[in-house]
Amino acid sequence: MNVRRSAAALAAAAVIGAATPALAASPSPTPSVAIPDGLYGTADPTYDGVWRQSLALLAQDTAGVVPADRAVAWLTGQQCANGAFAAFRPDPTKLCDAKLMVDTNSTAAAVQALTALGGHAAQTGKAVAWLKSVQNADGGWGYNPGGPSDANSTAVVTGALVAAGERPEQVVKGGKSPYDALLTFALPCTGDGAGAFAYQPDKQGKLTANADATAAAVLGALGQPLNASPENGDKKADATASGCAAPTTPEQAARNGARYLSTALAKDHHLVSALPGAENQPDYGNTADAVVALVAAGHTDEATAALRWLEANAPQWAAQSGPAAYAQLVLAAHATGTDPRAFGSTDLVRLLDATGPAPKQTATKSTASDTSDDDGSSTTLWVTVGAVVLVVLVAAALFLARARRRQQP
């Protein structure tokens, strides 16, 4: 879920997704466009406006926050007449034309956010119809319409289909479904990166393990959206089982991918980002994505260990990176059943809310904790205490009334 969906976005990810060891704060570059009213974050939205807005709204929804109307209106206003979304439309009053680069990732993310919020069936229906219209013959999607399919794009579109009530196995092109496409990115159980997913095959058709693609594809292969929750995890998965089985089904490929992520996280509980000419650095965003994928695949122990690492190390990264980063952490907390308002010592929800217009309504930490932790004994205690106090007060009133009567002549 990093800003990784296009060549320009990949360049941005070198700054946004991989922090320096000291995480030194530096001033953000001046945006090349004015930040629109209702948009979350203050960074240039050219390459990630719809993506970060969608993640922010989706994360807020999981935390019980009702976002401001103008935040939702900004997102719906970005949609083109054909149903597609671009990364950013500077002038929503201007009709979309061939020069505007619409993409599957922004569209799929918007579908997931608007579906979660509810009340936007017309917009999501048009977006899903557009996504179906640009499906590739292998059953998958590329970042841009007509581009070669990749694991990340296919996975996020699959999640959008599920969120919108579609059955991905029935969304076919050339007889192939999204699940068929995802299987083509699954590595075998031998060699380097056994069980992982590749982003795309190289020019020779070779698959290379990619942790980012693996986290996305595990969710996609299990038919899970970005806001996957514990109760929707793979109940059939045996997280304690070792080894890898041939990825002949989406479920098995997902389990293989989850084992690959578990192994990658086993030592330090985080993934790493390798940039050319630089030392490996912790990859906070993809670690958060891996947490969601592991929960969906039934690997809750590994997911919890990685989440604890994120609690201790990721808030400063999120503060530098903006709303999408906060959203990733909120979604990781949601997946594990952790209160995002008590993410270590950080209230992620408050900080996410502060990057955009003030929400209409937000749930409180105490409300959530009271609902989950109280077994009813505290309520019974206070009812009992109240009853005792009432009896005492009534008895005192009767005593005083009788005393007055005795004093009357």
Side-chain angles (χ1 to χ4, degrees), residues 1 3 5-6 8-9 12 15-16 27-97 99-103 105-124 126-127 226-227 318-331 347-363:
M1 287 191 283
V3 183
R5 312 293 180 171
S6 67
V15 177
I16 297 175
S28 300
T30 302
S32 59
V33 297
I35 303 301
D37 179 60
L39 176 63
Y40 289 83
T42 57
D44 191 327
T46 300
Y47 302 116
D48 79 331
V50 167
W51 180 261
R52 80 191 192 206
Q53 190 83 348
S54 299
L55 259 65
L57 294 173
L58 188 63
Q60 285 182 317
D61 180 74
T62 67
V65 174
V66 180
D69 289 339
R70 69 179 191 271
V72 181
W74 183 88
L75 180 59
T76 57
Q78 289 286 297
Q79 189 173 31
C80 296
N82 66 355
F85 285 78
F88 177 64
R89 285 176 66 189
D91 184 3
T93 64
K94 181 181 178 181
L95 293 177
C96 301
D97 55 26
K99 294 181 180 179
L100 182 70
M101 293 182 62
V102 295
D103 69 85
N105 289 234
S106 298
T107 304
V111 168
Q112 296 196 41
L114 294 174
T115 301
L117 294 174
H120 301 281
Q123 292 91 338
T124 57
K126 289 174 61 177
L226 298 173
N227 59 342
Q320 291 182 346
S321 301
Y326 280 124
Q328 284 177 270
L329 296 180
V330 170
L331 293 174
D347 184 340
L348 294 175
V349 179
R350 178 181 62 81
L351 295 173
L352 173 59
D353 290 349
T355 67
K360 294 170 63 175
Q361 180 180 337
T362 182

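In this text, all values refer to a predicted model and were calculated from it rather than measured experimentally.
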Looking at [atom1] of [X] and [atom2] of [Y], how far apart are the two atoms once the value is rounded to the nearest 0.5 Å?
X: Tyr326; Y: Asp353; atom1: OH; atom2: CG; result: 11.5 Å
X: His120; Y: Gln79; atom1: NE2; atom2: CD; result: 11.0 Å
X: Asp103; Y: Trp51; atom1: CG; atom2: CH2; result: 9.0 Å
X: Gln123; Y: Thr115; atom1: CD; atom2: OG1; result: 10.0 Å
X: Leu331; Y: Leu55; atom1: CG; atom2: CG; result: 6.0 Å
X: Gln328; Y: Leu348; atom1: CD; atom2: CG; result: 11.5 Å

Problem set entry | Full working for side-chain contact (heavy atoms from CB on, under 4.5 Å) between Ile35 and Tyr40 | CA-CA 9 Å; Ile35 303 301; Tyr40 289 83; over 6 Å; no
How close do [X] and [Y] get, counting heavy atoms only, and between which atoms?
X: Ala71; Y: Pro357; answer: CB-CG, 3.7 Å
X: Gly38; Y: Gln53; answer: O-NE2, 2.8 Å
X: Pro323; Y: Leu352; answer: O-CD1, 3.7 Å
X: Pro90; Y: Pro92; answer: O-CD, 3.5 Å
X: Val330; Y: Ala59; answer: CG1-O, 3.6 Å
X: Leu114; Y: Phe85; answer: CD1-CZ, 4.4 Å

Exercise. Can you find a pair of side-chain heavy atoms, one from Pro45 and one from Val33, that are under 4.5 Å apart?
Worked result: yes
Quick one: does any side-chain atom of [X] pair with a main-chain N or O of [Y] as donor and acceptor, under 3.5 Å?
X: Lys360; Y: Asp69; answer: no
X: Gln112; Y: Leu226; answer: yes
X: Asp97; Y: Leu100; answer: yes
X: Arg52; Y: Leu39; answer: no

Exercise. Given the rule in the side-chain contact (heavy atoms from CB on, under 4.5 Å) test, do Asp44 and Phe88 qualify, once you have shown the distances and angles that lead to the verdict?
Worked result: CA-CA 10 Å; Asp44 191 327; Phe88 177 64; 5.8 Å; no
